[in-house]
There are 2 protein chains.
Amino acid sequence: MTDTSQQRGTGADLKRAILDEARRTLVEQGYPALSTRKIASAVGCTATSIYLYFKSKDALVHALIDEGFEELNGRLEEAVAAEGTGLERLQRGARAFVDFGLERPAYYEIMFLLRPERMERYPAEAYRRARRSLEAFAELASVPAAEGLRRATIVMTALHGLVALLIAQRVDASLDRKTLIEEAIHFACAATFAPRSGDGAS
Amino acid sequence: MTDTSQQRGTGADLKRAILDEARRTLVEQGYPALSTRKIASAVGCTATSIYLYFKSKDALVHALIDEGFEELNGRLEEAVAAEGTGLERLQRGARAFVDFGLERPAYYEIMFLLRPERMERYPAEAYRRARRSLEAFAELASVPAAEGLRRATIVMTALHGLVALLIAQRVDASLDRKTLIEEAIHFACAATFAPRSGDGAS
DNA sequence: CGGGTAGGTTGACACTGTAAACTGGTGACG
DNA sequence: CGTCACCAGTTTACAGTGTCAACCTACCCG
């Protein structure tokens, strides 16, 4: 009965509590509502205490981004791993990516939507982890490795655009979401398997 | 010789000066650097004077967004208007869209990258104007009108994803930018002209 | 001359992230 | 046992943000 109804540990416990509260705020109220003072008061410490465990607010957000990529990578690997043709596996991966974005828009925002200059650069080491999903896609492409990365990037950009505009509610509401997503995934993935410069109409 | 080396008009002139300075700051230093006090001091008035002409900072940004869409729409219409097949015209439009985003990343950011809940909703009337480009794309699609909007949306999302990730510098630096863009546009536009559910290989 | 009003300013409030200095408690060592 | 150092956290403060309420001032009109 030492703590006064505040969840409040010390040391590593406090760090965890801060991270938990930050994640909660992020998920429930979005990135803009993420403030050091709010986190601190919810967790029962002062705002400056956060700086004992995170170099800056950005560093805290980086930690959340890491969490996000961990979950995303997990989902993607699972989706891609199962049996099926390359195209099928790619499509499952694409669906997993889109689902992640739509289910966790706040995570998606901090992972993909924050401009880097506002974000005091996400460290390159972690960046590489963020690219694992891209590489998973590249391996599935049915083109030479040199082009595989490009094709995979194209798929990623297409999926990202889909998720980003859906999250931002900038897609015409009259469109059926499910059909749109299915078709967008279909075309995006097909591109990865298309021959070099097939200009032909039928 | 009434003004003291500050560009400083009164009334509508001041409003224009504020808008000009806001645009300059946006273009040169990006959205995060856009602050009412900075604009005010650069333009030679107080921060609160901005509120005489704009309901809020968001309203000021809305005005810039309007400018952005005006330019974008102009470019798109020009690109799409000239002669050529539907596919060619669509591709020119797509290129124009991507070029706009890469040449004016700050404009692109406020137009497409700001989440709506952070943005006190861009008014619906202006929103419609923002959709003109989409409709221009839809008209070019070689599918029934009902599907045209969806196909156009898919192209838009693909292009948006491309621009967004390029701007955010989240595209592998080893890739040749020009080739990536060309190929992405190629595939995106091809989708609009593909038959219904062409699953076929070759 | 009197007064209303458009156009701007002053000052304040409630926030934000963050740095420097301070404090209370706990363990180690002479 | 006494003292010293260290560590976790707090206090205080600074510079910045958007925005509102009150004030002030110069001009025009009757």
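Chain A is the first sequence line, chain B the second, and so forth, proteins listed ahead of strands; every chain is numbered from 1.
- Within 4.0 Å (heavy atoms only), A/Phe54 reaches no atom of the nucleic acid at all.
- Taking the six-membered ring where tryptophan is involved, the planes of B/His160 and A/His160 are essentially parallel, since the angle between them stays under 30° and well short of 60°.
- Applying the ring pair (Phe, Tyr, Trp, His ring centres under 6.0 Å) test to B/Phe137 and every residue at least two apart in sequence or in another chain returns nothing.
- At a threshold of 4.5 Å between non-hydrogen side-chain atoms, the residues B/Thr192 and B/Leu87 do not count as touching.
- Protein atom CD1 of B/Ile50 is 11 Å distant from nucleotide atom C1' of D/dT19, rounded to whole Å.
- For D/dG9, neither phosphate oxygen OP1 nor OP2 lies less than 4.0 angstrom from any side-chain nitrogen or oxygen of A/Thr46.
- Ion pair A/Arg16/A/Asp13 not flagged as a salt bridge, since none of the NZ, NE, NH1 or NH2 atoms sits closer than 4.0 Å to an Asp/Glu carboxylate oxygen.
- Using a 30° and 60° split on the angle between ring planes, A/Phe69 and A/Phe112 fall in the perpendicular class, above 60°.
- There is a side-chain donor-acceptor pair under 3.5 Å between A/Asp172 and A/Ser174.
- In this structure, the CG atom of B/Asp13 is 18 Å from the P atom of C/dA6, given to the nearest Å.
- As a whole-Å value, the separation of B/Leu52 CG from D/dC24 P is 17 Å.
- Under the 4.0 Å criterion applied to side-chain N and carboxylate O atoms, A/Glu182 and A/Lys178 are not assigned as salt-bridge partners.
- B/Ile39 has its CD1 atom 16 Å from the P atom of C/dG8, to the nearest Å.
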Show the distances under 3.5 angstrom between N or O atoms of the protein and N or O atoms of nucleotides 16-18 of chain C.
residue	atom	partner	partner atom	Å
C/dT16	OP1	A/Ser35	OG	2.8
C/dG17	OP1	A/Leu34	O	3.4
C/dG17	OP1	A/Thr36	N	3.2
C/dG17	OP1	A/Lys57	NZ	3.2
C/dG17	OP2	A/Thr36	N	2.9
C/dG17	OP2	A/Thr36	OG1	2.6
C/dG17	N7	A/Arg37	NH1	2.5
C/dG17	O6	A/Arg37	NH2	2.9
C/dT18	OP2	A/Tyr51	OH	2.3
C/dT18	OP2	A/Lys57	N	2.7
C/dT18	O5'	A/Tyr51	OH	3.0
C/dT18	O4	A/Arg37	NH2	3.2

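- At least one donor-acceptor pair closer than 3.5 Å links the side chain of A/Arg92 to the backbone N or O of A/Ala82.
- Annotation: the terminal axes of the helix from C/dC1-D/dG30 to C/dG30-D/dC1 meet at 30°, where each axis is the rotation carrying the C1' atoms of four end pairs onto the next four (5 pairs per end, rounded to 10°).
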